[in-house]
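Before any comments, here is the structure.
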Amino acid sequence: MAAWPRSALIGGIAAGATVLGAGAAAIWWTGTADSSLCPRALARAAPSTIDDASRLIAVCSAEDFRRRLLTASLPEVVGYRTTELPPAGWLAGESALSRHLSDLGFQYPDDMSFAVLWAAWHRARGLPFDARALAACLHAWNRKMRLWIQSVPPGSQIPAPEFGCATPEEIDKGRHLWPSQ
C-alpha cells in the first residue's frame, strides 16, 4: 500500500470540502429538487423591474400561492396579500423596484405592491399587463379619495369613488370618471 504525501492528503481534503461547500450552498439557495433555480427566499432576488418581480412571484412563490394565481380571480389574489408577497424589502426606501414603479407613475407602496401582484397574476395566466394604465387609474382613484376627504364634513362616511382599478375592465369602464389633474 502506497503512502500519500501529507500535502496531497491535505489538498484532497481541501478540494473535497470546497466541492461539498459549493453543493451545500446551491441546495440552500435553491432548495432540493428544484429545477426552476428560484432563490429560496424571494427577497434575495432584489428585482429592479415590475417584470422581474412578477416573474419571481409567478414562478418562485410557494406552491399554494402559484396555484392561487392560476385559479383565483384578480381581486381575490390581491386581497390575499401577505407580508411575504411582495417582500417588503423590494419596495423599501429607494429600492430599484420602487424607483422603477415611481417612474411608471405609482405613488404609494400599497399601490406598488398591488401592481406587482397584478402583474404576477397576468404573467401566470399569459395575459398582457399594462402597468401605466394601472398607475394612471390608481393615481386618479387616490386623487378622488383626497377630494372626497376634503369635501365631506368631519365624522361623515367617505364614499368610495364611482370607478375602480381592480380589473382591466373596470379601468376602461371608469376612465371617463377620473378627476382631471
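This is a predicted model, so every value here is computed, not measured. Keep in mind that the numbers below use all heavy atoms, side chains included, and drop hydrogens, waters and symmetry copies.
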Salt bridge (Lys or Arg N to Asp or Glu O under 4.0 Å) partners of Glu63, counting only residues at least two apart
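Counting only residues at least two positions away or on another chain, Glu63 forms a salt bridge (Lys or Arg N to Asp or Glu O under 4.0 Å) with Arg66, Arg67.
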Excluding sequence neighbours, so at least two apart, what forms side chain to side chain donor-acceptor pair (under 3.5 Å) with [X]?
X      : result
Arg146 : Tyr108
Ser102 : none
Asn142 : Asp111
Gln107 : His139

[X]: partners by side-chain contact (heavy atoms from CB on, under 4.5 Å), with sequence neighbours left out:
X      : value
Ala58  : Leu69, Arg123, Ala124
Ala72  : Arg68, Glu76, Val77
Ala62  : Asp64
Arg175 : Ala133, Ile171, Asp172, Trp178

Taking the side chain as every heavy atom from C-beta outward, state whether Cys137 and Glu170 have any pair of such atoms under 4.5 Å apart.
no
Are any non-hydrogen side-chain atoms of Ile57 and Trp90 less than 4.5 angstrom apart?
yes
Donor-acceptor pair, [X] side chain versus [Y] backbone, under 3.5 Å?
X      : Y      : value
Ser98  : Ala92  : no
Arg132 : Gly105 : no
Trp118 : Ala166 : yes

Where is the tightest heavy-atom contact between [X] and [Y], given as atom of each residue plus distance?
X      : Y      : result
Val116 : Ser54  : O-CB, 4.2 Å
Pro168 : His122 : CG-NE2, 3.9 Å
Leu104 : Ala131 : CD1-CB, 3.9 Å
Leu91  : Ser113 : CD1-N, 3.7 Å
Ala119 : Phe129 : CB-CE2, 3.6 Å
Cys165 : Leu134 : O-CD1, 3.7 Å

Are Val59 and Leu70 connected in the hydrophobic side-chain network, where two residues link if heavy atoms are under 4.5 Å apart?
no
Cluster overlap Leu127 with Leu74, hydrophobic side-chain contacts below 4.5 Å
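Yes.
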Listed partners of His100 passing ring pair (Phe, Tyr, Trp, His ring centres under 6.0 Å), at least two apart:
none
With rounding to the nearest 0.5 Å, note down the distance linking OG1 in Thr49 to CZ in Arg55.
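Rounded to the nearest 0.5 Å, the OG1-CZ separation comes to 8.5 Å.
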Inter-residue atom distance Leu97.CG - Leu101.CG, 0.5 Å rounding
4.5 Å
For residues 149-161, run the donor-acceptor check on the side chains, cut-off 3.5 Å, and write out each pair with its distance to 0.1 Å, sequence neighbours left out.
from: Ser151; atom 1: OG; to: Leu147; atom 2: O; distance (Å): 3.1
from: Ser151; atom 1: OG; to: Trp148; atom 2: O; distance (Å): 3.3
from: Ser156; atom 1: OG; to: Pro153; atom 2: O; distance (Å): 3.1

Not counting sequence neighbours, list each pair that qualifies as a disulfide bond (SG atoms under 2.5 Å apart) and has a residue in residues 95-131.
none
